[in-house]
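What follows is a set of notes on a single structure, which appears directly below.
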Amino acid sequence: MNLQRVDLNLLVHLDVLLREKNVTRAAEQLGITQPAMSNILRRLRKLFNDPLLVRSSEGMTPTERALELQPRIREILADLTQVLEPRTEFRPYSTSRVFRIMTSDYAEATLVPKLVKALRSEAPNVILDFLTPSDVSYRDMEQGRVDLAINRFNEIPQSFHQVLVWRDTFSCLLSSESPYANRFNLKNYLKAQHVWVSKTGMGVGFGVNPEKSGGLGSIDQALQRLGQKRQISVFTRHYQMPAMLAANKDLIATLPTRVARMQANNDSIMMEEPPFFIPEFELTMAWSPLLQHHPAHRWLRQLIMHVARQVVAEEENPPQEIPVINHLF
């Protein structure tokens with residue numbers, strides 16, 4: 001193929017078409033007419049010798065070739081953006097950039113306070129806009145409308161970049177006056193009433209089904225593997241509530257250890273290890289390939305990982321200065 005005859009703008013159009021899977025919406029995104037977009041799709045089909053998008057009962061469906069091309073096209077466009085952008089030095093202390101970060105309630109409770117503190121000295125004019133998982137879709141992230149997502153992901157688009165922030169285990173909070181306080185075993189755990197707390201998925205949530213314990217998360221899945229099921233009385237999506245609820249003598253809250261440790265700060269609340277095995281989980285930071293090489297974005301990712309390392313180190317040792325990470329993600 002003679003590359004001199006290839007219009008690189010076609011790759012931009014293909015990227016939008018594969019994202020929208022709709023000619024009309026793609027045209028609106030690009031600010032062109034629907035007939036012009038249809039003509040571009042014909043040119044793309046000729047260029048790649050493949051239909052790329054075919055009509056189906058669900059609308060336009062990408063072909064196998066299109067699905068293969070999509071992540072590669074995104075990487076190519078991200079690299080082109082880096083090449084064509086003027087090289088400017090990023091100065092954190094003077095920037096007033098807005099960073100939009102999707103965080104789970106767990107990440108907000110454990111990581112965000114330390115991050116904000118670090119930013120007040122490193123970049124006092126930065127504005128942070130924290131969004132919940134219900135506010136954000138993978139499309140928002142893919143298009144760079146959201147800078148980062150910090151969450152527990154069951155799955156994530158293959159084209160996204162990601163890095164492990166840390167791992168965490170689970171602990172139980174219960175009242176020191178609980179009838180199970182001195183006999184905290186699996187039998188009594190199952191006799192008690194429980195607080196369920198979680199909201200990690202992307203998109204709007206419409207409630208949970210208490211009868212489907214396998215869909216309630218890793219705690220209930222661990223019990224299910226033992227052939228057991230706990231009695232859940234309260235469902236919440238906010239990690240600031242469990243300690244208050246666990247003050248009730250008949251309630252037990254099982255939640256991530258880093259959150260439990262923060263909330264078990266008075267004599268009326270006990271913190272115990274779960275009386276059964278629950279696999280640890282991973283907190284992950286993910287971002288669009290479009291933002292991979294942006295200097296401000298790289299600086300923010302570096303700072304977040306530096307703060308995360310401090311959090312983990314302070315749990316194991318007295319507070320100490322952690323060396324700044326030398327490489328950028």
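Hydrogens, waters and symmetry mates play no part in the numbers below; they use all other heavy atoms, side chains included. In this text, all values refer to a predicted model and were calculated from it rather than measured experimentally.
- No side-chain heavy atom of Gln34 sits less than 4.5 Å from a side-chain heavy atom of Met37.
- Thr110 has its side chain out of reach of Val311: every pair of non-hydrogen atoms, C-beta onward, lies at least 4.5 Å apart.
- The two residues Thr103 and Pro133 make their nearest non-hydrogen contact at O-CD, 3.5 Å.
- The line from CZ of Arg225 to CD of Gln228 is 13.5 Å long, rounded to the nearest 0.5 Å.
- Around atom CG of Asn9, more than 12 heavy atoms belonging to other residues, nucleotides or ligands sit under 6.0 Å away.
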Exercise. side-chain contact (heavy atoms from CB on, under 4.5 Å) between Asp147 and Arg100: does it pass, once the steps are laid out?
Worked result: CA-CA 5 Å; Asp147 290 280; Arg100 290 184 172 83; 4.0 Å; yes
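- Although no hydrogens or angles enter the test, the distance criterion places a donor-acceptor pair under 3.5 Å between the side chain of Asn188 and the main chain of Arg183.
- For Gln162 and Thr284, the side-chain atoms include no donor-acceptor pair closer than 3.5 Å.
- The backbone N or O of Thr169 sits less than 3.5 Å from a side-chain atom of Thr257, completing a donor-acceptor pair.
- The minimum heavy-atom distance linking Ala181 with Ser176 is given by the pair CB-O, 3.8 Å.
- Scanning all heavy atoms of the two residues, the minimum distance from Met102 to Ser104 falls at SD-N, 4.3 Å.
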For this session: Please lay out, stage by stage, how Glu75 and Gln292 fare under the test side-chain contact (heavy atoms from CB on, under 4.5 Å).
Result: CA-CA 10 Å; Glu75 290 179 10; Gln292 167 69 0; over 6 Å; no
Problem set entry | Test side-chain contact (heavy atoms from CB on, under 4.5 Å) applied to Lys117 and Lys114, step by step | CA-CA 5 Å; Lys117 182 178 180 181; Lys114 296 273 190 180; 5.6 Å; no
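- Side-chain atoms of Phe184 and Glu273, non-hydrogen and from C-beta on, never get closer than 4.5 Å to each other.
- Residue Leu18 holds its CG atom at 5.0 Å from CD of Gln70, rounded to the nearest 0.5 Å.
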For this session: Give the intermediate values and the outcome of side-chain contact (heavy atoms from CB on, under 4.5 Å) for residues Val312 and Arg258.
Result: CA-CA 10 Å; Val312 173; Arg258 286 191 173 91; 3.5 Å; yes
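- From Leu223, atom CG reaches atom CD1 of Ile278 across 7.0 Å, with rounding to the nearest 0.5 Å.
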For this session: Using the side-chain hydrogen bond (donor to acceptor under 3.5 Å, both in side chains) rule, take Thr24 and Glu28 through it: C-alpha gap first, then chi angles, then the decisive distance, then the call.
Result: CA-CA 6 Å; Thr24 302; Glu28 290 173 354; over 6 Å; no
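- Other residues, nucleotides and ligands contribute over 12 non-hydrogen atoms within 6.0 Å of the NZ atom of Lys21.
- Between Phe281 and Phe170, the angle of the ring planes lies from 30° to 60°, which puts this pair in the tilted group.
- Aromatic ring centroids of Phe153 and Phe160 lie 6.0 Å or more apart.
- Put simply, Val16 and Leu67 are part of two different groups of oily side chains (I, L, V, M, F, W, Y) that touch within less than 4.5 Å, one to the next.
- Atoms CE and CD, on Met60 and Glu20 in that order, are 12.5 Å from each other to the nearest 0.5 Å.
- Inter-residue side-chain proximity for Ile150 and Ile304 is flagged as met; some heavy-atom pair is nearer than 4.5 Å.
- Residues Ala109 and Met262 approach most closely at O-CE, 3.0 Å, considering heavy atoms.
- With contacts defined as side-chain heavy-atom distances shorter than 4.5 Å, the pair Gln224/Asp220 does not qualify.
- Between the side chain of Asp140 and the backbone N or O of Ser137 there is at least one donor-acceptor pair closer than 3.5 Å.
- Using a 30° and 60° split on the angle between ring planes, His194 and Tyr189 fall in the tilted class, from 30° to 60°.
- Sparse packing is recorded around CZ of Arg72, with 12 or fewer heavy atoms of other residues, nucleotides or ligands lying under 6.0 Å away.
- Asp135 places none of its side-chain heavy atoms less than 4.5 Å from the side chain of Val146.
- Panel note: side chain Asn22, backbone Arg25; a donor-acceptor pair is recorded below 3.5 Å.
- Under the 4.5 Å side-chain heavy-atom criterion for grouping Ile, Leu, Val, Met, Phe, Trp and Tyr, Ile269 is connected to Leu174 within one hydrophobic cluster.
- Two residues are said to be in side-chain contact when any heavy atoms from C-beta on lie closer than 4.5 Å; Arg19 and Glu142 meet this criterion.
- Grouping the Ile, Leu, Val, Met, Phe, Trp and Tyr side chains by contacts below 4.5 angstrom, directly or via other members, places Leu11 apart from Leu290.
- In this structure, Asp50 contributes its side chain and Thr63 its backbone to no donor-acceptor pair below 3.5 Å.
- Here the closest non-hydrogen pair linking Val163 and Met305 is CG1-SD, 4.0 Å.
- Placement of Leu77 and Ile32 within a single hydrophobic cluster is found when ILVMFWY residues are connected by side-chain heavy-atom separations under 4.5 Å, directly or transitively.
- Shown here is Glu315, whose CD atom has more than 12 heavy atoms of other residues, nucleotides or ligands within 6.0 Å.
- Nearest heavy-atom pair, Pro289 versus Arg74, reported as atom, atom and distance to 0.1 Å: CG-CB, 4.3 Å.
- Applying side-chain contact (heavy atoms from CB on, under 4.5 Å) to Ile219 and the options Ile232, Thr254, Leu255 leaves one that passes, Thr254.
- Atom CD of Glu177 sits in a sparse spot, with 12 or fewer heavy atoms from other residues, nucleotides or ligands closer than 6.0 Å.
- Linking ILVMFWY side-chain heavy atoms closer than 4.5 Å, directly or via other members, places Leu17 and Ile76 in a single hydrophobic cluster.
- From Ser175, atom OG reaches atom CG of Leu245 across 12.5 Å, with rounding to the nearest 0.5 Å.
- Within the model, atoms CD1 of Ile252 and CD of Glu272 stand 9.5 Å from one another, a figure rounded to the nearest 0.5 Å.
- A cation-pi arrangement, defined by a distance under 6.0 Å to the six-membered ring centre and an angle within 45 degrees of its axis, is absent between Arg97 and Trp299.
- Within the 4.5 Å cutoff, no side-chain heavy atoms of Leu47 are placed close to those of Arg43.
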